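Please read these numbers as outputs of a predicted model, since none were measured by experiment. Remember, it's 1-based here, ligands and their atoms both numbered in the order they're listed. Heads up: numbering here begins at 1 and tracks the sequence. Values reported hereafter were calculated over all heavy atoms of this structure, with side chains retained and with hydrogens, waters and symmetry mates removed.
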Amino acid sequence: MNRSSTSWSHPAYGQIARLVTDASGVAFSDGYAETAEMFIDKAVKDAGARGLGVYLEALRQDSDMLSDLVSALSVGETYFFRDTAQWALIEKQVLPALLARRGTVRLWSAACATGEEAYSLAITAHRLGGLGRSAILGTDVNHSRLEAARQGSYRPWSFRGEQPRNLETYFDGGPGGRRALIPEIRDAVEFRYLNLLDPGIPGPGTVSAGQDLILCRNVFIYFQRETIASVATALIRCLSPDGWLITGASDPRLTDLVECTPVLTPMGLAYRRPNVCGARSPPMSVPPQPMIVSVAAPAAALPSPVGPDPVEPDAVEPDAVEEARPASAPSTADQICARARELADQGQTSAGMALLDDGLTRHGGSSELHYLRSVVLAEQGQHRAAVDAARSALYVDRSMIMAHIAEGTGFHRIGEPARAARCFRNAHRLLADIEPDDAVPYSNGLSTSRVRRAVEANLSSMPEPA
Ligand SMILES: C[S@@+](CC[C@H](N)C(=O)[O-])C[C@H]1O[C@@H](n2cnc3c(N)ncnc32)[C@H](O)[C@@H]1O
């Protein structure tokens with residue numbers, strides 16, 4: 001992401017964003033500027049500051065305030081056993097080999113968000129009979145996410161991908177459908193604040209060298225190239241001689257940025273220290289990428305003005321992951337979108353959702369996958385989550401008209417008409433650039449004039465800009 005080209009509506013936003021980038025590495029694309037400004041405005045209000053300039057000055061003096069803003073602006077999306085192919089590799093190859101070779105293994109979930117990834121490591125170690133010999137660490141820059149991680153109690157949404165069999169044996173039921181980790185797993189993970197930009201890594205007060213497995217997934221996508229290079233260099237230095245670094249499927253390749261030994265596995269690249277003797281692909285007995293079959297989203301339906309819907313279910317139906325597998329599993333983003341649309345058209349929204357979630361672990365940069373996810377979530381009545389998914393689409397592609405509409409519809413349904421109106425106005429502006437008879441991208445062939453009429457109908461019932 002190139003912050004220098006980001007267009008902010010006021011230079012103070014840019015200066016504030018710069019402080020966040022310098023503090024955390026999280027950078028802002030042009031497409032995310034408007035959303036970031038909204039979060040900054042909220043932070044200004046929460047801090048009781050009188051204007052952006054005052055807030056900017058306060059941020060420069062107060063590291064806690066800056067840390068709160070970093071938290072507000074960073075994405076904490078995660079769930080248990082995210083990316084089943086990677087977990088197959090960890091459970092069948094990486095961890096058994098480490099456990100066979102060492103008395104104690106050191107496992108680190110770097111940028112662990114609310115802890116699902118770190119606990120997935122603990123559960124995997126337990127399944128292999130090695131939990132007692134595993135020192136497991138989860139770190140993040142977001143204090144409130146770390147606190148949630150320590151609690152170890154999760155909503156069904158944290159289990160939205162394909163999950164291992166018998167996972168329920170690791171949880172007790174809790175209020176509101178929550179699942180609380182059994183103490184044996186919860187107590188096996190230590191959670192600690194750590195900024196990956198800390199120049200002391202590895203070292204005292206940060207994290208020590210000798211880590212056998214580092215998961216640093218779905219965080220590099222938010223960093224600029226030079227930040228990725230310096231953080232990845234530190235992570236490689238943290239590895240034990242036969243340790244592994246695994247990044248997310250959508251994260252950039254590290255081989256051009258740092259000195260490391262790439263290992264091609266069936267789930268993609270993993271990394272080891274440079275010149276590791278015998279570093280090679282694990283045997284191909286690792287099952288090929290397990291494809292969850294799932295749901296898709298109809299992209300055609302246009303929103304009609306509706307009142308706020310207070311019912312917002314917590315999670316998708318658990319049946320999602322058990323749907324039948326297709327004869328040939330879709331693997332490219334386009335194939336996944338097509339299959340997801342098909343499933344949604346057949347009313348199989350849970351299956352479509354699982355397909356999209358799984359697809360996003362490999363194609364996080366696909367705006368269409370994020371957008372379809374938003375549509376399915378809206379169909380499931382999860383309007384707040386639908387707004388978030390639409391924003392993820394816009395984060396990738398600011399010009400995606402249908403995602404602006406999906407975001408606006410979500411805001412409308414959760415009773416935020418001013419925000420809804422802003423989204424519809426964005427869509428309206430973008431529609432002006434398309435010929436009336438042309439189809440609006442991702443609308444399943446709806447013409448510009450038709451979509452414009454629908455947008456105008458929505459706007460007519462919404463507040464004018466202040
Ligand atoms: C999308 S989550 C990834 C969670 C998990 N690793 C996964 O893949 O499911 C990204 C996390 O990175 C954290 N993060 C962002 N910048 C960071 C930094 N400089 N140091 C440590 N964590 C950071 C955020 O707070 C957020 O919780």
So, Tyr222 versus Phe28, ring centres under 6.0 angstrom or not? no

Got a sec, which residues hit side-chain hydrogen bond (donor to acceptor under 3.5 Å, both in side chains) with Asp187, two or more places apart in sequence or on another chain? none

Check the side chains of Asn426 and Glu34 for a donor-acceptor pair under 3.5 angstrom, ignoring hydrogens and angles. yes

Are the aromatic ring centres of His126 and Tyr170 under 6.0 angstrom apart? yes

Residues Glu117, Arg82: salt bridge by 4.0 Å N-O rule: no

Considering only N or O atoms, set out every pair between ligand 1 and the protein closer than 3.5 Å, with distances to one decimal place.
unit_1	atom_1	unit_2	atom_2	d
ligand 1	6 (N)	Ala111	O	2.9
ligand 1	6 (N)	Glu117	OE2	3.2
ligand 1	6 (N)	Arg217	O	3.0
ligand 1	8 (O)	Arg82	NH1	3.4
ligand 1	8 (O)	Arg217	O	3.1
ligand 1	8 (O)	Asn218	ND2	2.7
ligand 1	9 (O)	Thr78	OG1	2.6
ligand 1	9 (O)	Arg82	NH1	2.8
ligand 1	19 (N)	Ser24	O	2.7
ligand 1	19 (N)	Asn195	OD1	2.9
ligand 1	20 (N)	Leu196	N	2.9
ligand 1	25 (O)	Ser74	OG	3.4
ligand 1	25 (O)	Asp140	OD1	2.6
ligand 1	25 (O)	Arg145	NH1	3.0
ligand 1	27 (O)	Asp140	OD1	3.4
ligand 1	27 (O)	Asp140	OD2	2.8
ligand 1	27 (O)	Arg145	NH1	3.1

May I ask you to check whether Phe80 and Phe171 place their ring centers less than 6.0 Å from one another? yes

